[in-house]
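Take a look at the structure set out below.
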Amino acid sequence: ENLTVLPWGMVEDHAYGMHFHTEILTRGNDEAFRLEKDDHAVIEKYQNEYEKYQHLKRRFASRAMSGSAVYIIKCNAGIDPDVLNDIESELARIAAGADFLLVEVRGGENGQKSGTVERISERRAVGWISDFSDYSDANNIRDPSGWADILKNSLALESVESSTSSHFA
């Protein structure tokens, strides 16, 4: 009763505030995703997926507290700065004082900056990609080398910060 089907093949669980890809959805003849909430098999799958979610949540928190984590976030339409501030604050809470880097990836810039990452604050950076794939075609990565460079450059930024901060601690 607390699940809603989202148009891109995910489910929103209103009780726990989470969105996830799931095996509990089926496609109708019209190709739209459907959720049969009264089906016992669906309820059992949901319980298994909820346990998986709890496991991943614990692992995420553990990794955050271990330090030097890099988080990459993107939204095709861009991300409101207030939302990024809230995410950074929540990561700081979860990390409990450990270092981390939150990298917002933006599209565009005519491909000029693709793959580059620039630090904008102690815990934030911006990376650029030439273009994002549409959500409906997310498996078709338009700029794979740009993404690889963003990952490499983000890790390099975090490792420099971590080694620098450990020298001054």
Side-chain angles (χ1 to χ4, degrees), residues 2 4 6-22 49-169:
N2 59 327
T4 302
L6 298 174
W8 47 87
M10 294 179 77
V11 170
E12 179 177 4
D13 185 326
H14 299 283
Y16 300 102
M18 63 181 188
H19 297 180
F20 54 94
H21 291 279
T22 179
E49 289 189 0
Y50 180 72
E51 289 171 21
K52 177 178 69 176
Y53 166 76
Q54 290 298 328
H55 169 75
L56 293 172
K57 185 176 166 184
R58 286 188 300 274
R59 283 186 56 195
F60 181 88
S62 175
R63 175 62 185 100
M65 289 184 279
S66 72
S68 299
V70 175
Y71 304 98
I72 308 286
I73 185 169
K74 73 97 179 164
C75 178
N76 288 10
I79 304 171
D80 183 291
D82 290 337
V83 171
L84 286 169
N85 292 337
D86 290 347
I87 292 169
E88 180 182 355
S89 295
E90 184 62 12
L91 287 171
R93 184 191 69 76
I94 294 168
D99 290 336
F100 68 87
L101 182 65
L102 174 61
V103 181
E104 175 198 8
V105 178
R106 298 176 183 169
E109 299 291 325
N110 298 325
Q112 302 276 336
K113 292 184 168 185
S114 183
T116 63
V117 178
E118 297 173 11
R119 186 177 290 278
I120 58 172
S121 71
E122 179 185 351
R123 296 186 298 212
R124 293 258 288 276
V126 175
W128 283 270
I129 197 76
S130 62
D131 192 23
F132 292 124
S133 298
D134 293 329
Y135 287 111
S136 61
D137 193 28
N139 289 331
N140 181 19
I141 300 170
R142 293 189 180 160
D143 186 0
S145 63
W147 277 107
D149 288 343
I150 285 173
L151 295 174
K152 178 182 74 176
N153 294 330
S154 296
L155 290 170
L157 267 181
E158 179 54 20
S159 66
V160 166
E161 176 66 25
S162 295
S163 64
T164 304
S165 63
S166 66
H167 286 55
F168 295 106

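Residue indices begin at 1 and follow the sequence shown.
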Kindly compute the distance separating OG1 (Thr116) from CD1 (Ile150), expressed to the nearest 0.5 Å.
7.5 Å
Could you state the interatomic distance from CD1 (Ile73) to CD (Glu88), rounded to the nearest 0.5 Å?
11.5 Å
Distance-minimising heavy-atom pair for Lys74 and Trp147:
CG-CH2, 4.0 Å
Starting at CZ of Phe60, measure out to NE2 of His55 and round the result to the nearest 0.5 Å.
14.0 Å
Could you tell me which residues satisfy salt bridge (Lys or Arg N to Asp or Glu O under 4.0 Å) with Glu90, sequence neighbours excluded, listed by chain and number?
Arg93
Please report the interatomic distance CD1(Ile120) to CG(Leu84), rounded to the nearest 0.5 Å.
8.0 Å
From OG (Ser89) to CZ (Arg123), nearest 0.5 Å
7.0 Å
What pair of heavy atoms forms the shortest contact from Val117 to Ser154, and how long is it?
CG2-OG, 3.7 Å
Quick one: does any side-chain atom of Ser133 pair with a main-chain N or O of Asn140 as donor and acceptor, under 3.5 Å?
yes
Taken in chain and number order and not counting sequence neighbours, the residues that satisfy ring pair (Phe, Tyr, Trp, His ring centres under 6.0 Å) with Tyr53 are none
Run the side chain to side chain contact (heavy atoms under 4.5 Å, CB included) test against Val83 and tell me which residues pass, sequence neighbours left out.
Ile79, Asp80, Ile87
Return the set of residues passing side-chain hydrogen bond (donor to acceptor under 3.5 Å, both in side chains) with Ser66 (not counting sequence neighbours), or none when no residue passes.
Arg63
Taking all non-hydrogen atoms of both residues into account, name the closest pair between Arg106 and Phe132 and its distance.
C-CZ, 3.8 Å
Non-neighbouring partners of Asp86 that pass salt bridge (Lys or Arg N to Asp or Glu O under 4.0 Å), sequence neighbours left out
none
Rounded to the nearest 0.5 Å, what's the gap from OG on Ser62 to CD1 on Ile94? Could you check?
12.0 Å
Taking all non-hydrogen atoms of both residues, which atom of Ala95 and which atom of Ala64 are closest, and how far apart?
CB-O, 3.6 Å
Given 3.5 Å as the limit, does a donor-acceptor pair link the side chain of Asp143 with the main chain of Ser130, or not?
yes
Could you list the residues that satisfy side-chain hydrogen bond (donor to acceptor under 3.5 Å, both in side chains) with Asp149, not counting sequence neighbours?
none
Taking all atoms of both residues into account, what is the closest heavy-atom pair of Arg119 and Leu157, and its distance?
NH2-O, 3.2 Å
Return the orientation label for the Phe100 and Tyr71 ring planes: parallel under 30°, perpendicular over 60°, tilted otherwise.
perpendicular
